[in-house]
Novice: 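Quick one: the structure is below, and I'll ask about it shortly.
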Amino acid sequence: MERAMNFVPGPNQELLDIKPLRSLAPMFPAPMGVNVNQSSTPQLVCITPVGQFPTGFGSGSLPAFGSFATFSATANGFSHGSTSATRPIDATPISAYKTRSSGVTSLNGDDEPQSGNQTYASERKAKRSSGLAADGSDGVKVKRPKPVYKNLVAGKELAFLPASCSNNPRETVEAVHMIFEALRRRHLQMDETQDASRRADLKAGAIMMASNIRANVGKKVGTAPGVEIGDIFYFRMELCIIGLHAPSMGGIDYMSAKFGNDEDSVAICIVAAGGYENEDDDTDTLVYSGSGGNSRNTEERHDQKLERGNLALERSLHRKNEIRVVRGFKDPACLAGKIYIYDGLYKIEESWKERTKFGINCFKYRLQREPGQRDGAAIWKMTQRWIQDASTRGRVILRDLSAGAETIPVCLVNEVDHEKGPGHFTYTNQVKYLRPISSMRPLQGCACQSVCLPGDSNCACGQHNGGDLPYNSSGVLVCRKPVIYECGEACHCTLNCRNRVTQKGIRYHFEVFRTTNRGWGLRCWDPIRAGAFICEYAGEVIDELKVNLDDSEDDYIFQTVCPGEKTLKWNFGPELLGEDSTYVSADEFEPLPIKISAKNMGNVSRFMNHSCSPNVFWQPVQYNHGDDKHPHIMFFALNHIPPMTELTYDYGVVGAEPSRRTRNCMCGSLTCLGVF
DNA sequence: GTTCTGTCAACTGC
DNA sequence: CGCAGTTGACAGAA
């Protein structure tokens, strides 16, 4: 199904041989740690709560956790140290008051002076889950029966977080988030086979908490380092483990802060999830309802009280401190699903009491977004509008770059300069092999009726994939593997089978856009959740044909060069559950012979640029033939990807492929290697 | 005063 | 739509 795309741009067609420059700019344009807040009010500075590590933490048996915990201390400690030009105000987590002040254990020696950052609460938590205790001397009795994660890390040298995390809040937040997602997906997969209780989000969260794999552990007013405006989340527990919003259910996060000699309880973050009647037609103002008044098990309602969160909001109105705002929206892509978007800092302008339709008194707070911040929820609303009606998208060069080859049009836009489009190529969503598929080895099929079910030991496809179906019920890939086998023509199951994902093609509203310094790039109007299928690398298989490639061809070649640490570690999760590791190190990595050129023909994937800090990875998939050396190359999301974020993958390590030209990288990532 | 434990509330999420 | 399930604040006990 190829459609020739006859590009007839301007008169200077010759000059338009634009190729993706195979380099990339920051995936996250706002530099790390930059405080977008231009507020004139004094910065709130966090006093790092000092406490003892839970039993077992200082024993050296948990090096990875140790270094991580150290980081979170450092992040909280230094992040505002340099910005306190104005008179600093102390803000101390309430829980820190209860913290032991002695016995600070340094995990990493003298080079990490602030390693003792543990709030009392998390310390206690870690103590309770006795599975963590390395020396077994911890005699705390666990009263509330909780799952104990025994094989958590026992003795394994697990470098859970990339080394770059130690000084990069963004990397840490992403890594923590990635591990949470991996755990959640794996739990979901197991629950499906055992018909166990659901809530994989809570299970994953419990492990993260117990292992202390989290970011921004100490509460603080203002930005959460490493969390950027526009970041998206699908579960409240995600907000919890990255330290954006601590309460797992409650809508208001607050803490006690010192204002000179005074002390006040102030709000630091709210989740506006639409549970109450909030008006949010305007993106810069938000009317938030106080909490309480709804009885838990009866229909009884009572007046809201000025206590806890409500009181904190009231005090924040007077203290004029910044409050982080997370907005919740219905995710149209997911049935009854919700998506949370971090929308930056707001301040409370006024508050009042209101009588609701149930006749109870309710507190209302009007919040105004701080000026000078990049768009967050506004982008969501904008792209949702485009998805509803694509004609509302401005700056369009071409409505559908695929000329109908894709079921959803691929938009071509340029908001940067006057280039009229990429150089000529034929849009195809297929891979053209050197020999016809019919002559290739067929793939074995399953005998499942209707659809393949998780946990069915009779399903040949499940067995082929190592026992579990590779995707969960929402079509999300659970684990990165050398090869994924989807159901194909030889299978008896229907097209509705959940083991048919990538073969159905793209499901997102893509946009090929002009970047400022890397030619053309690819991004998406829809939010993409971690593990979701994005697109295939379409083009012509050339591996046996050409040995010497000219430069222009080289720019469009896909090869299975070993990707970086972030991609290789996408699977983390099994390790935390005590299962065998699926981690493949760079040394063990074995490339496939396949080479695909998208120079003359290809799809959206030919516009994906390289990044040293990517948000997409490739994964070999088989479904319509059995030639293991020439699988389909499918791209999946590494993290949740907010709308309008450039999609990038790791082109691979320099020198791993001798025939390949080395190119300068412009990805701008703090962990950028400079070349790729 | 400090540390520990129980209880409670909460814009979850199936 | 009902309900199990979580964190952290808080209060009271040790």
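Chain letters run A, B, ... following the sequence lines, proteins first, then strands; residues in each count from 1.
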Novice: Applying side chain to side chain donor-acceptor pair (under 3.5 Å), name anything that partners A:Arg498, two or more places apart in sequence or on another chain.
Specialist: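 Partners of A:Arg498 under the side chain to side chain donor-acceptor pair (under 3.5 Å) test: A:Glu192.
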Novice: For the base of C:dT6, is there a side-chain donor-acceptor partner from A:Arg236 under 3.5 Å away?
Specialist: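 Looking at the base of C:dT6, it does not pair with any donor or acceptor on the side chain of A:Arg236 (distance under 3.5 Å).
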Novice: Any stems for DNA chain B, made of 3 or more Watson-Crick or G-U pairs in a row, each with both distances under 3.5 Å?
Specialist: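 Stem list for DNA chain B: B:2-10 with C:6-14, B:12-14 with C:2-4.
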Novice: If you check every side-chain atom of A:Ala273, which of C:dT6, B:dG13, B:dT12 has the closest atom?
Specialist: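 Looking only at heavy atoms from C-beta outward on A:Ala273, the closest nucleotide is B:dT12.
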Novice: Could you work out which one of B:dA10, B:dG13, C:dG8 sits closest to the side chain of A:Ser291?
Specialist: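 The closest nucleotide is B:dA10.
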Novice: Between the side chains of A:Trp352 and A:Glu350, does any donor sit under 3.5 Å from an acceptor?
Specialist: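 Checked: A:Trp352/A:Glu350 side chains show no N/O donor-acceptor pair below 3.5 Å.
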Novice: Can you work out whether A:Tyr340 or A:Gly251 has the more 5'-proximal nearest nucleotide on DNA chain B?
Specialist: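 Closest to the 5' end, via its nearest nucleotide, is A:Gly251.
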Novice: At less than 4.0 Å, is any side-chain N or O atom of A:Lys338 found next to OP1 or OP2 of B:dC14? Yes or no.
Specialist: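 Indeed not, no polar side-chain atom of A:Lys338 lies that close.
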Novice: Would you indicate what A:Asp201 reaches in the nucleic acid, counting non-hydrogen atoms under 4.0 angstrom: base, sugar-phosphate, or nothing?
Specialist: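 It contacts sugar-phosphate atoms only.
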Novice: Of the candidate nucleotides B:dC11, B:dC14, C:dT6, which contains the atom at the shortest distance from the side chain of A:Ser248?
Specialist: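 Between B:dC11, B:dC14, C:dT6, the one nearest the side chain of A:Ser248 would be C:dT6.
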Novice: With sequence neighbours excluded, what pairs up with A:Arg369 under the salt bridge (charged side-chain N to carboxylate O under 4.0 Å, His left out) test?
Specialist: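 Once residues adjacent in sequence are excluded, the partners of A:Arg369 under the salt bridge (charged side-chain N to carboxylate O under 4.0 Å, His left out) criterion are A:Asp343.
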Novice: In whole Å, I'd like the distance from the NE2 atom of A:His245 to the P atom of B:dT12.
Specialist: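 From A:His245 NE2 to B:dT12 P: 9 Å.
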Novice: Is the shortest distance from a Lys or Arg side-chain nitrogen in A:Asp468 or A:Arg186 to a carboxylate oxygen in the other one below 4.0 Å?
Specialist: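 A salt bridge is present here (some side-chain N lies under 4.0 Å from a carboxylate O).
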Novice: Listed by chain and number, what are the side-chain contact (heavy atoms from CB on, under 4.5 Å) partners of A:Asp526, not counting sequence neighbours?
Specialist: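 Applying side-chain contact (heavy atoms from CB on, under 4.5 Å) to A:Asp526 gives A:Ile387, A:Tyr508, A:His509, A:Cys524.
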Novice: Mind checking ring pair (Phe, Tyr, Trp, His ring centres under 6.0 Å) for A:Phe363 and listing every partner two or more places apart, or none if nothing turns up?
Specialist: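 Listed in chain order: nothing, the list is empty.
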Novice: What is the distance from CE of A:Met208 to P of C:dT6, rounded to the nearest Å?
Specialist: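 It works out to 16 Å between those atoms.
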Novice: Rounded to whole angstroms, how far apart are CG on A:Asp191 and P on B:dG13?
Specialist: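 Between P of B:dG13 and CG of A:Asp191: 16 Å.
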Novice: Who pairs with A:Cys269 by side-chain contact (heavy atoms from CB on, under 4.5 Å), at least two apart in sequence or on another chain?
Specialist: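 For A:Cys269 the side-chain contact (heavy atoms from CB on, under 4.5 Å) partners, ignoring immediate neighbours, are A:His245, A:Asp253, A:Arg324, A:Val326.
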Novice: Please report, rounded to the nearest Å, how far the P atom of B:dC14 is from the NZ atom of A:Lys203.
Specialist: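 One finds 12 Å between P of B:dC14 and NZ of A:Lys203, rounded.
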Novice: Would you mind telling me which of C:dT6, B:dG13, C:dA9 lies closest to the side-chain atoms of A:Tyr254?
Specialist: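 Selected nucleotide (nearest to the side chain): C:dA9.
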Novice: Rounding to a whole Å, what distance do you find between A:Phe329:CZ and B:dT12:P?
Specialist: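 Rounded to the whole Å, the gap is 14 Å.
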Novice: CD of A:Glu238 versus C1' of B:dC11: gap in Å, rounded?
Specialist: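 In whole Å, B:dC11 C1' lies 17 Å from A:Glu238 CD.
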Novice: Looking at the side chain of A:Ala246, which of C:dG8, B:dA10, B:dT12 is the nearest nucleotide?
Specialist: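 Of the candidates, C:dG8 comes closest.
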Novice: Could you tell me the separation between the CG atom of A:Leu239 and the C1' atom of C:dT6, rounded to a whole number of Å?
Specialist: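 To the nearest whole Å, that distance equals 13 Å.
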Novice: Starting at atom CD1 of A:Ile241, determine the distance to atom C1' of C:dT6, rounded to an integer number of angstrom.
Specialist: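 Taking CD1 of A:Ile241 and C1' of C:dT6, I get 14 Å after rounding.
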